[in-house]
Amino acid sequence: MRVVCNPSHAAHVPPHEVDNGTPTPPWEVPGRYDAIRAALAAHGFAFEDAPDLPADAPARLHDAGYLAHLRDTSAALAGTGGWVMPSVFPFTPGAARGEVARRGAFCFDTFTAITAGTWAAALGGAAAACRAAELVAAGETRTAYALTRPPGHHAERGRCGGYSFLNNAALAADRLRGGGPVAVLDLDVHHGNGTQHLFYDAPDVLTVSVHGDPAGLFPYFSGFADETGTGRGLGFNLNLPLPPGTGVDGYRPAVAAALERVGRFRPAFVVVAFGADAHEADPIGGMRLPTAYFAELGAAVRALGVPVVVTQEGGYDLATVGACAAAFLAALGDVASRAPSGAG
Ligand code: SP5
Ligand code: ZN
């Protein structure tokens, strides 16, 4: 198990969210990264930093205009302590001329502020995901984890949202697809709408997601069971929504169905978009999974017998997010039985 970190994450400090018009403290905070890293260190994992990603690398999946918006907005905020959060969402994004409308054309919610450090942090997260994919693609390891903060699975081709700016899991999958079909398994409690959107017409990247029913949980507009893909990608997207309050008894059959679909696809690689926000202590997930179940999830993914890249998505209870990630990764990579070098 290789663990690739993003030290630039600390530059991204969201000021607040706006929930139904009311500013509330942010959930997606730098302390999440520190908590996960500390828990992994206590489990004996070794860390490495990702080499820089060229600023144009995300352009394989993201629109150039969107990337320029993130870059230029961050640059304009340097030294100001300010942020950019949309209030207006133009239904015809092409009609957005002024700055206020453009903010909303490049974002789909009021939870995802751009700050001076956002671009550097998002690029660093993407770099960690791409490095993890590179290591697995090259056969240097069969399991790699990217400690990606900010998360990525809600980011679409041209819109941020859900605390996500660059779709780290999708960039990893895109890097791996040259070596054969790739399955993305999304275990975050929120539907990975961005990943689904980016590969919706692609038959060589299967997207499978187990998550809270979007009728009542973010992202609300995506993640329903009848979204199955389009064109040549028809049949290569599977959503398994679960009711609020689901615990182990409800997760087990859904995860089994997800893994059955992944196995039948015969992927050369699997990307897991991992979240700890289905944990019973998570402040926004609404599910009831105990920490021990995350080890069961890791073992179940391991049983696929396919090389795996993991990206970190959500998980907002600072007291348990690290333990969940460590339990999942230890079961996936069997780190305890490996040599102290951390190789393998
Ligand atoms: C990566 C990820 O997990 N993104 C999730 C974004 C969810 N944002 C929803 C914000 C609404 C929070 N309001 C919760 C109130 C419950 N006390
Ligand atoms: Zn989430």
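Atoms within a ligand are numbered from 1 in the order they appear, just like the ligands themselves. Atoms considered below: every heavy atom in the structure, side chains included; atoms not considered: hydrogens, waters and symmetry mates. Position 1 is the first residue of the sequence, and the numbers go up from there.
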A.B. asks: Examine G162 against ligand 1 and note whether any of their N/O atoms are separated by less than 3.5 Å.
C.D. replies: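 G162 vs ligand 1: N/O contact under 3.5 Å present.
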A.B. asks: Using 0.5 Å steps for rounding, measure from the CD atom of Q312 to the CZ atom of R149.
C.D. replies: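 Atom-to-atom, Q312:CD and R149:CZ are 11.5 Å apart.
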A.B. asks: Pull out every atom of ligand 1 sitting under 4.0 Å from any heavy atom of H154, numbered as shown with elements.
C.D. replies: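 Reading through ligand 1 atom by atom, the close ones are 1 (C), 2 (C), 4 (N), 5 (C).
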A.B. asks: Quick check: closest heavy atoms across P203 and R232, and the distance to 0.1 Å?
C.D. replies: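 Here P203 and R232 meet closest at CB-O, 3.3 Å.
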A.B. asks: What protein heavy atom is closest to atom 11 (C) of ligand 1, reported as residue, atom name and distance in Å?
C.D. replies: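 Ranked first by proximity to atom 11 (C) of ligand 1 is D19 OD2, 3.8 Å.
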A.B. asks: Below the 3.5 angstrom mark, is there an N/O of S164, backbone or side chain, next to an N/O of ligand 1?
C.D. replies: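 Checking ligand 1 against S164, no N or O pair falls under 3.5 Å apart.
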A.B. asks: Under 4.0 Å from a heavy atom of H153: which atoms of ligand 1 are those, numbered in the order shown and with their elements?
C.D. replies: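 Heavy-atom distances to H153 below 4.0 Å select 1 (C).
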A.B. asks: Please name the atom of D277, restricted to N, O or S, that is closest to the Zn ion (ligand 2).
C.D. replies: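 Answer by atom name: OD2.
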A.B. asks: Can you tell me which portion of E28 lies within the under-4.0 Å heavy-atom range of ligand 1? Options are side chain, backbone, both, or neither.
C.D. replies: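 Looking at E28 and ligand 1, no heavy atom falls under 4.0 Å.
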A.B. asks: Report the distance from atom CG of L70 to atom SG of C160, rounding to the nearest 0.5 Å.
C.D. replies: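 Reported value, rounded in 0.5 Å steps: 6.0 Å.
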A.B. asks: Any chance the rings of Y163 and F218 have centres within less than 6.0 Å?
C.D. replies: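 No, too far apart.
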A.B. asks: For atom CZ of R264, is the number of surrounding heavy atoms from other residues, nucleotides or ligands below 6.0 Å larger than 12?
C.D. replies: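 Yes, CZ of R264 has more than 12 neighbouring heavy atoms, counting only those of other groups under 6.0 Å.
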A.B. asks: Which ligand 1 atoms, with their elements, are less than 4.0 angstrom from a heavy-atom of P151?
C.D. replies: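 Per the distance check, 1 (C).
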A.B. asks: Relative to the heavy atoms of F218, which atoms of ligand 1 are at a distance of less than 4.0 Å?
C.D. replies: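 Close to F218: 6 (C), 7 (C).
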A.B. asks: Whether D174 and R177 form a salt bridge (side-chain N of Lys/Arg under 4.0 Å from carboxylate O of Asp/Glu) is what I want to check.
C.D. replies: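 Here R177 pairs with D174 in a salt bridge, since their nearest N and O are under 4.0 Å apart.
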A.B. asks: At a non-hydrogen distance cut-off of under 4.0 Å, which region of D109 contacts ligand 1 (side chain, backbone, both, or neither)?
C.D. replies: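 Under 4.0 Å from ligand 1, D109 contributes no heavy atoms.
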A.B. asks: Establish, from distance only, whether the side-chain atoms of D277 and H190 form a donor-acceptor pair under 3.5 Å.
C.D. replies: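 Present: a donor and an acceptor within the cut-off.
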A.B. asks: Which residue and non-hydrogen atom of the protein lie closest to atom 3 (O) of ligand 1, and at what distance in Å?
C.D. replies: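 For atom 3 (O) of ligand 1, the nearest protein heavy atom comes out as Y316 OH, 2.5 Å.
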A.B. asks: For R288, does the CZ atom have more than 12 heavy-atom neighbours from other residues, nucleotides or ligands under 6.0 Å away?
C.D. replies: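 Incorrect, the count does not exceed 12.
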A.B. asks: With the Zn ion (ligand 2) at the center, what angle do OD1 from D188 and ND1 from H190 span, rounded to 10 degrees?
C.D. replies: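 Result: 100°, to 10°.
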A.B. asks: Could you tell me, atom by atom, which parts of ligand 1 come under 4.0 Å of a heavy atom of E17?
C.D. replies: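 The atoms of ligand 1 under 4.0 Å from a heavy atom of E17 are 10 (C).
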A.B. asks: Report the nearest protein non-hydrogen atom to atom 16 (C) of ligand 1: residue, atom name, distance rounded to 0.1 Å.
C.D. replies: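 Nearest protein contact, heavy atoms only, for atom 16 (C) of ligand 1 is P283 O, 4.0 Å.
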A.B. asks: Evaluate whether atom CZ of R266 has more than 12 neighbouring non-hydrogen atoms of other residues, nucleotides or ligands under 6.0 angstrom away.
C.D. replies: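 Open: at most 12 neighbouring heavy atoms sit under 6.0 Å from CZ of R266.
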A.B. asks: Quick one: look at V189 and ligand 1, take heavy-atom pairs under 4.0 Å, and tell me if it's side chain, backbone, both or neither.
C.D. replies: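 Within the 4.0 Å criterion, V189 makes no contact with ligand 1.
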A.B. asks: Rounded to the nearest 0.5 Å, what's the gap from OG1 on T141 to CD on E134? Could you check?
C.D. replies: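 Result: 13.0 Å between the selected atoms.
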A.B. asks: Identify whether L289 and L329 are in the same connected component of the hydrophobic contact network (ILVMFWY, side-chain heavy atoms under 4.5 Å).
C.D. replies: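 In one cluster: yes.
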A.B. asks: Can you tell me which residue and heavy atom of the protein come closest to atom 14 (C) of ligand 1, and the distance to 0.1 Å?
C.D. replies: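 Looking at atom 14 (C) of ligand 1, the protein heavy atom closest to it is I284 CG2, 3.7 Å.
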A.B. asks: Flag W27 as yes when one of its N or O atoms lies below 3.5 Å from any N or O atom of ligand 1, and as no otherwise.
C.D. replies: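 So ligand 1 has no N or O lying under 3.5 Å from an N or O of W27.
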A.B. asks: In the protein, what heavy atom is nearest to atom 9 (C) of ligand 1, and what distance, to one decimal place, separates them?
C.D. replies: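 Of the protein heavy atoms, Y163 OH, 3.8 Å lies nearest.
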A.B. asks: Determine whether the aromatic ring centres of residues Y145 and F328 are separated by less than 6.0 angstrom.
C.D. replies: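 F328 vs Y145: aromatic centres not under 6.0 Å.
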A.B. asks: Decide whether an N or O pair under 3.5 Å exists between D277 and ligand 1.
C.D. replies: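 N/O-N/O distance below 3.5 Å exists for this pair.
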